[in-house]
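By convention here, the first residue in the shown sequence is residue 1. Order of listing sets the numbers, starting from 1, for every ligand and every atom in it. All values reported here derive from a predicted model rather than from experimental measurement.
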Amino acid sequence: MDARQLKIEAAREALGHVEDGMKLGIGTGSTAEEFVRLLAVKVGEGLSIIGVPTSERTAALCTELGVPLSTLDETPRLDLTIDGADEIDPHLGLIKGGGGALLREKIVAAASSKMIVIADASKLVDTLGRFPLPIEVNPFGLGATRAAIEDAAARLGLKGELTLRMTNDAPFVTDGGHFIIDASFGRIPDTRALSDALHAIPGVVEHGLFLGLAKAAIVAEAGGVRTVRPAV
Ligand SMILES: O=C(CO)[C@H](O)[C@H](O)COP(=O)(O)O
C-alpha cells in the first residue's frame, strides 16, 4: 500500500465517526484532504453535515467538492474535528503545523467536543520533537521574539536551530497574516513546560504542540487500520 492509500484508509475509518447532522471541524494537510474527498462523496449521497475548515486551502477544496461550510462565528460549538498531524506521541500529544495552519487548527479543535487524528504509522513517535516544532509569531518584533524563544527553550534545556519558514524568497505567511518559526529542538521531554513557556512570550501567537486535545488517533499501516487511545 503506498503512502496515499494509507492516508485514504485512515480517512475512510474516520468517516465512520461522522453522523448525520454533525457540526464538523475539518483539518488541513494531505491526509485531511483525503477525508474531505470521501466526505464529499457522502454529502453527495445525502449526508447532512456542516463543516468548519481550518484553513483557506481546506475551505477551497470543500467548496470545490460541495461540502457545506460554516464559520466558528455562526457555529461556535462543534461535535467532532478530524485532522492530520506531523507527530503523535503515546498520550496523543501532537505536533501540528507542518502545513502552516496550526492556529486555526487549534482554535477549531478546542471548539470541538472531540478531536480525532488521522495519520499513517510513520507519524507515531515515543517522544515529540523529531519533527521541527512550528511556532506562529507576529511579524512585528520578529528578532526579539526569536531571542525570547531561544531563551525560554534554553531554560528547559532545549536548544536547536530556529528557522523562519520561507516560500521562495519571502517569509511564509499564515492565513492569519503571521510568520512561522520552525524550531528543531529534538526530543521534547516536557511538552507542557515548553507549551507554557512559549505561551508566555508576547510575540508568539500559537505553537504546534497540541496537548490533551486528541481523543483518538486512527493510524493506517500496511497491516491495517487501528485506533490508538491516549496512554494513561
Ligand atoms: O498540521 C497540519 C497542517 O498545519 C497537518 O495536519 C500536518 O502537517 C499533517 O499533514 P499531512 O497529512 O499532509 O502529513
Side-chain angles (χ1 to χ4, degrees), residues 1-15 24-39 51-62 78 80-89 92-112 114-125 128-137 163-167 171-184 188 191 195 198 204-221 225 228:
M1 221 185 289
D2 68 13
R4 175 158 185 229
Q5 198 54 42
L6 291 176
K7 292 172 190 184
I8 293 171
E9 292 310 321
R12 196 190 313 283
E13 181 77 16
L15 199 59
L24 274 187
I26 305 180
T28 296
S30 57
T31 317
E33 284 174 9
E34 298 301 347
F35 174 75
V36 172
R37 289 192 184 94
L38 295 172
L39 180 67
V52 172
T54 53
S55 63
E56 298 299 329
R57 185 171 127 192
T58 294
L61 183 65
C62 288
L78 305 178
L80 172 65
T81 284
I82 307 284
D83 201 350
D86 299 300
E87 279 189 351
I88 307 168
D89 78 11
L92 301 194
L94 313 173
I95 286 183
K96 286 186 51 56
L102 63 115
L103 175 60
R104 293 190 185 185
E105 288 173 332
K106 199 177 277 190
I107 292 171
V108 168
S112 304
K114 190 172 179 184
M115 178 193 195
I116 297 179
V117 180
I118 49 177
D120 64 72
S122 70
K123 305 290 181 68
L124 295 174
V125 295
L128 297 177
R130 187 179 61 197
F131 190 91
L133 177 67
I135 304 173
E136 186 157 347
V137 298
T163 308
L164 182 65
R165 194 179 295 184
M166 305 290 284
T167 354
F172 172 87
V173 180
T174 68
D175 286 343
H178 309 122
F179 293 167
I180 289 185
I181 291 174
D182 290 302
S184 300
I188 305 169
T191 48
S195 170
L198 292 174
V204 170
V205 179
E206 193 46 86
H207 59 69
L209 289 169
F210 282 50
L211 307 177
L213 284 168
K215 299 289 178 284
I218 296 175
V219 178
E221 52 200 336
V225 177
V228 180

Under-4.0 Å salt bridge between E56 and R104:
yes
Residues two or more places apart in sequence or in another chain: which of them pass side chain to side chain donor-acceptor pair (under 3.5 Å) with S184?
none
So, are K7 and E33 salt-bridged, with charged N and O less than 4.0 Å apart?
no
Below 4.0 Å from any atom of ligand 1, which residues have a heavy atom? Give them in chain and number order, please.
T28, G29, S30, T31, D83, G84, A85, D86, K96, G97, G98, G99, G100, A101, E105, K123
Heavy-atom check, side chain of F179 versus side chain of T174, under 4.5 Å
no
Got a sec, which residues hit side chain to side chain donor-acceptor pair (under 3.5 Å) with D86, two or more places apart in sequence or on another chain?
none
Got a list of side-chain donor-acceptor pairs under 3.5 Å for residues 208-221, not counting sequence neighbours?
from	atom 1	to	atom 2	distance (Å)
E221	OE2	R226	NE	2.6
E221	OE2	R226	NH2	3.4

